[in-house]
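Since the structure comes first, as structure tokens, the remarks are kept for the end.
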Protein chains: 2
Amino acid sequence: MTEVNSISRKEQVIRVAAALFREKGYVAASMRDLAQKLGIEAASLYSHIKSKEEILHVLCFDMAKDFMASLDKVEAQVNLTASERLQQGIIGHVEVMAKDLTASAVFMNEHRHLSQPYLRDFLLLRINYINRFKLMIEAGMESGEFKKSIDKKLAVMTLFSSLNWMPLWYDPNSAIEPATLGKQLSDMLVNGLKQNPS
Amino acid sequence: MTEVNSISRKEQVIRVAAALFREKGYVAASMRDLAQKLGIEAASLYSHIKSKEEILHVLCFDMAKDFMASLDKVEAQVNLTASERLQQGIIGHVEVMAKDLTASAVFMNEHRHLSQPYLRDFLLLRINYINRFKLMIEAGMESGEFKKSIDKKLAVMTLFSSLNWMPLWYDPNSAIEPATLGKQLSDMLVNGLKQNPS
DNA sequence: GTGTTTTACTAACAATTGTTAGTTTGTATC
DNA sequence: GATACAAACTAACAATTGTTAGTAAAACAC
């Protein structure tokens with residue numbers, strides 16, 4: 001019964017590490033801390049992982065893969081308005097995050113402690129992801145659906161900031177579904193706080 | 001000529017430390033790194049500061065004080081609509097950040113490495129600050145200026161997230177004034193991306 | 001039952017961490 | 001010239017860091 005209906009020990013290590021990295025930060029979290037949480041000795045960790053950084057690497061790049069896959073799906077859809085496309089993108093992003101809030105927090109805050117060349121690879125992926133959202137916004141501006149008066153960089157960074165802080169305040173036990181939250185978020189960014197003239 | 005038209009050595013140390021903390025993170029930045037950037041030995045730092053944490057403390061609480069003072073000014077104004085009040089709050093926040101982007105980044109990302117009881121004090125200040133923005137939004141909802149359909153917590157956290165990521169992408173050398181950026185930001189959050197029906 | 005893999009252990013390593021003690025040097029003040 | 005202070009130094013400390021080597025016990029496959 002190895003790796004069938006139970007997760008491997010390595011995955012266990014990585015999950016516990018994610019929680020620890022989120023709580024203390026990658027650098028402040030020591031391998032002895034991690035071992036203690038698992039009830040083993042620090043040296044025993046190396047039966048499962050190659051290094052501390054491997055854990056961070058797995059966490060960051062697994063999340064990145066999920067984000068990319070989510071955006072692929074949205075882009076594959078046809079006949080969507082810019083608002084709809086943006087909304088789908090946002091919902092997808094929120095859903096990926098909600099699936100693992102702990103890993104999301106690590107992905108967001110600790111990726112910078114990756115060493116080269118992994119850090120470079122990671123940042124390239126991230127720029128690509130942001131750019132694809134930027135294209136959605138630009139498309140909406142071209143079609144006249146969105147205002148052209150708003151700075152594109154500002155718009156996309158505001159969007160991205162809102163999305164990425166979610167792990168810090170979203171309560172996974174709350175009644176609200178990720179998809180609903182995503183809808184509300186996109187509504188707020190697209191339509192704004194102000195009451196529309198009826 | 002001590003502390004008249006030149007900043008004290010202690011302030012120099014703190015400024016260089018801020019840049020280092022921002023770049024590497026508080027924990028990963030060593031006192032030997034810091035000393036090297038200043039061209040002195042690590043032990044010499046302690047002629048100016050009591051501890052590594054004192055630097056973090058000064059950085060975080062000086063920023064906090066500025067944010068609070070900015071919000072005090074906004075609240076002292078009378079006869080403002082909710083949109084105007086919110087806009088003033090946002091502009092103030094952006095201006096405080098823009099005045100020292102480095103310290104802002106440390107304030108935002110590294111405050112969690114404060115030890116108790118300072119961490120508790122810091123978080124209380126922060127909750128208070130967020131709550132005051134929340135009150136502005138609620139006032140707008142009560143008066144019918146803002147939609148009531150939007151979740152208050154979502155609204156205020158989205159706002160706060162957008163604001164706090166600014167140090168990561170704002171270019172201090174750009175032509176755009178902090179006050180202008182604040183206006184654009186508040187416009188985007190209040191009125192949204194969508195073209196208003198004309 | 002034998003062989004193999006997984007999982008853990010003890011012991012230790014070299015390097016790095018923040019910090020202290022005690023001292024010296026330069027500079028301004030009287 | 002004596003005094004005081006700021007700012008730096010050398011040397012060293014105890015603790016903690018990630019990691020390796022080598023080994024033992026349990027769980028599995030056949």
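Reminder, nothing fancy here: chain letters follow the sequence lines and each chain counts from 1. Any value given below was found using the heavy atoms of this structure, including those in side chains, with hydrogens, waters and symmetry copies removed. None of the values given here were measured: they were computed from a predicted structure.
The side chain of B:Arg32 has C:dG18 as its nearest neighbour among D:dC9, C:dG18, D:dT20. Side-chain proximity of B:Tyr46 to the nucleotides C:dA21, D:dT19, C:dG18 is greatest for C:dG18. Residue A:Ser44 places its side chain closer to C:dA8 than to any other of D:dT10, D:dT19, C:dA8. Of the listed nucleotides (C:dG18, D:dG18, C:dT10), D:dG18 has the atom at the smallest distance from the side chain of A:Met31. Among the nucleotides C:dA8, D:dA11, D:dA21, the one closest to any side-chain atom of A:His48 is C:dA8. Taking every side-chain heavy atom of A:Glu41 into account, C:dC9 is the closest of C:dC9, D:dG18, C:dT19.
A salt bridge is defined here as a Lys NZ or Arg NE, NH1 or NH2 lying under 4.0 Å from an Asp or Glu carboxylate O, and B:Lys10 with B:Glu54 meets this definition.
At the heavy-atom level, B:Ala29 lies under 4.0 Å from the strands shown only through sugar-phosphate atoms. A:Ser30 comes within contact range of the sugar-phosphate backbone alone, with a heavy-atom separation under 4.0 Å but no base atom that close.
For the residue pair B:Glu95/B:Ser70, the side-chain donor-acceptor check at 3.5 Å is not satisfied.
The aromatic rings of A:His93 and A:Tyr129 are tilted relative to each other, their planes meeting at an angle between 30° and 60°.
Across the protein-nucleic acid pair, B:Lys10 atom NZ and D:dA6 atom C1' stand 14 Å apart, rounded to whole Å. One atom, CG of B:Asp33, and another, P of C:dT16, lie 11 Å apart when rounded to the nearest Å. Atom P of nucleotide C:dG18 and atom CG of B:Leu45 are separated by 10 Å, given to the nearest angstrom. Atom NE2 of A:His57 and atom P of D:dG18 are 19 Å apart (whole Å). Taking atom CD1 of B:Ile49 as the reference point, atom C1' of D:dA6 lies 16 Å away to the nearest angstrom.
Within 3.5 Å, a donor on the side chain of B:Ser47 pairs with an acceptor on the base of D:dA8, or the reverse.
Proximity of a side-chain donor or acceptor of B:Glu53 to a complementary backbone N or O of B:Ser115 within less than 3.5 Å is detected.
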